[in-house]
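Residue numbers start from 1 in every chain, and the chains themselves are labelled A, B, ... in the order their sequence lines are given, proteins ahead of strands. Note that the coordinates shown come from a computational prediction; the quantities given were computed from them, not determined experimentally.
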Amino acid sequence: MEEETKKGHFIESIIQEDISNNKNDGRVATRFPPEPNGYLHIGHAKSICLNFNMAGQFNGKCNLRFDDSNPAKEKQIYIDSIQNTVKWLGFEYGTPFFASDYFDKLYEFALELIRKGKAYVCSLTADEIREYRGTLTEPGKNSPYRDRSVEENLDLFERMKNGEFGEGEHTLRAKIDMASPNINLRDPIIYRVKNAPHPRTGDKWCIYPMYDFTHGISDALEGITHSLCSLEFEDHRPLYDWFLDNVSVPCHPQQIEFARMNINFTVLSKRKLQRLIDEGKVAGWDDPRLPTLEGMRRRGYTPAAIRNFCNIIGVSKKESRIDMGLLESCLRDDLNENAMRVMGVIRPLKVTIENYPEGQTETLEAMNHPQKPELGKRDVSFSREIYVEQDDFMEDPPKKFFRLGPGREVRLRAAYLVTCKEVIKNEAGEVVELICTYDPATRGGNAPDGRKVKGTIHWVNANDCLDAEVRLYDRLFKDENPEQDGQDFVENLNPASLEVLTGCKLEKRLASAEPEVPFQFERLGYFCLDRKDSTDDMPVFNRTVTLRDAWAKLAKQHPPRKNKGNKPPRQKKKG
RNA sequence: UGGGGCGUCGUCAAGCGGUAAGACACAGGGUUUUGAUCCCUGCAUUCAGAGGUUCGAAUCCUCUCGCCCCAGCCA
């Protein structure tokens, strides 16, 4: 049903091989290392699943480690959110780790490099450092400070630590090779002065280690065996190895790179997501249209669906753009299996059943899940006045329209067969009510005379229902690739990504719905109560995803006739 | 004309010298009180291209082409 771990992607093969060679004594340890400078998104989920799955699969452990070496960008709220989200996704990580917990040790390792003559304090300005670095095609040149004595370096570095210098005055650099074709090896900066309070170490430090120095050493200190990261760090691997080879760490983890995830019709980068928020294009980090895990959670995505998706897409080194449809397919799979069925009318059209006794109400039974009778039945109330979906009526319907139209008979799900007798319109000519008759002999939906009724539509008792707001979401961008032809992705937003419907009429049992618990509104899609904007007076439901809709697809392929407002069906063409 | 990667169906992705898995999508058909679900069926003579090695190549070699990443005191 769920989560069949894919067999053998290349990282799994490497680990398997290492185990059979008894490398690391057959131990496996991975880590998920987010920088707490933003919220997690679906792209991170891939890495989370990969790291935790590899550990789980090979009886190892996976650490959650915050890569918090740049206090200028990092915040406690992100630390909290990330922990929360990883737990929600379903992974156990025990006590989280922090690179900042290694600041003392990192400082010692920097000292070790200086004593070995492999690091020096450089007093070039940022601009000068850039100039000295050379370009992609020209080698760099040595810093004039490259040959300072060990003593002087030790003294300067200590004074950096003690706060005697301002930002940018000095840096500590590894002494590697200014002529290396790999720019990362041209005496990379290890420490810089930064006068910013750190979320965890406060103002204890005014110098902070850079990523390349911090990351590998943190891995080694935690006994990580396989350090999985994305492709852009491939060029950093020689540096990763250089640090671990030149400093006294307990082990030397192996860095392995894989391609990060991309999905069409959305953007996956903290920077771009941040911009959508800053420019007010979406409501915040947890806007249900966003691919952030908090947004997806609020919208109704389930952890199981996301995990399954991450397992299904595989792991490789090829840049790819995954079809949003695949994510949705995984979602529907889980929701179809687990969501209780209910009825809700989101664009109500009143129906009066003229031959049904006035003032009478009766209780009918409906299945909670047609494929799972063990989930039981629920009561739904029925009376003379009900609501049906506006889309389920056409004044001049084509032949293949199996719903309501003048003189047509349909089944009200779990109720009766009704026939449309009369159409009532307002002054503007809009249909505002239908007068129908019902066949009392069809209680439950079957006709004793065996006549076939092709269409079944959902409905709600007008005298016993829940008023609600419903939010319909669509893809955030119009284009499959929001940045096609170098366009600014913000210009490509789908103006119809959010549609708010008020005055929706839902089955009464939804009054006790809990946030994020999925329901299938039959024939419409999967919905859940919004945890943030719902009030006692006005519940708000988010549409998580629609049902597959063969009818809508058909109608789209064959454009509307000019007559009424409804979607117009045509005969399907052959071939 | 620096370095590092990557190129298998529309989209992901198996394949590791023995004659192209699977998933999503798509197209037909069946079941159905959700036009949902479910169930069948079809869907790469071909692996970026060209040469070569071999009885045999997507898999090995050579060259060519295309795409991505790197010049933060970000991660």
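- On the C1' atoms, B:C9 is 29 Å away from B:G4, given to the nearest whole Å.
- For B:C24, the paired base is B:G10 (Watson-Crick or G-U wobble, both distances below 3.5 Å).
- Among the nucleotides B:G5, B:A75, B:G7, the one closest to any side-chain atom of A:K317 is B:G5.
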Listed pairs, N/O of protein and of nucleotides 38-40 of chain B, under 3.5 Å:
none

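- Each of A:F157, A:Y102, A:F213 was evaluated against A:Y107; a single residue qualifies, A:F157, per the ring pair (Phe, Tyr, Trp, His ring centres under 6.0 Å) test.
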All N/O pairs under 3.5 Å across the protein-nucleotides 66-70 of chain B interface:
| unit_1 | atom_1 | unit_2 | atom_2 | d |
| --- | --- | --- | --- | --- |
| B:C68 | O2' | A:E319 | OE2 | 2.8 |

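- Taking atom CG of A:N195 as the reference point, atom C1' of B:C73 lies 12 Å away to the nearest angstrom.
- Listed by first and then second residue, the salt bridge (Lys or Arg N to Asp or Glu O under 4.0 Å) pairs that reach into residues 257-268 of chain A are A:E232-A:R260, A:R237-A:E257, A:E257-A:K317, sequence neighbours excluded.
- For the C1' atom pair drawn from B:A27 and B:A57, the interatomic distance equals 33 Å after rounding to whole Å.
- The distance between atom CZ of A:R413 and atom P of B:A36, rounded to the nearest whole Å, is 13 Å.
- For A:Q520 against B:U34, a side-chain N or O and a base N or O form a donor-acceptor pair under 3.5 Å.
- Phosphate proximity of B:G72 to A:R133: present, with a side-chain N or O under 4.0 Å from OP1 or OP2.
- The phosphate of B:A75 has OP1 or OP2 within less than 4.0 Å of a side-chain N or O from A:S69.
- With both pairing distances under 3.5 Å, B:C55 is matched to B:G18 as a Watson-Crick or G-U wobble pair.
- When the P atom is compared between B:C26 and B:C60, the two are found 36 Å apart, to the nearest whole Å.
- The nucleotide B:C74 finds no pairing partner, because no Watson-Crick or G-U wobble arrangement with both distances shorter than 3.5 Å includes it.
- Looking at A:E128, A:E169, A:R148 one by one, the single match for side-chain hydrogen bond (donor to acceptor under 3.5 Å, both in side chains) with A:S123 turns out to be A:R148.
- Atom CZ of A:F10 is separated from atom C1' of B:G5 by 11 Å (rounded to the nearest Å).
- What you find for A:D391 and A:R403 is that their closest heavy atoms are O-NH1, 3.3 Å.
- Here A:W551 counts as stacked on B:G35: its ring centre is under 5.5 angstrom from the base ring centre and the planes meet at under 30°.
- Between A:T456 and the phosphate of B:U34, there is no side-chain N or O to OP1/OP2 separation shorter than 4.0 Å.
- Taking the centre of each ring, A:Y240 and A:H236 stay at or above the 6.0 Å mark.
- Contact annotation: A:K553 side-chain N/O to B:A27 OP1/OP2 distance is under 4.0 Å.
- Under the Watson-Crick or G-U wobble criterion, with both distances below 3.5 Å, B:C47 is left unpaired in every strand shown.
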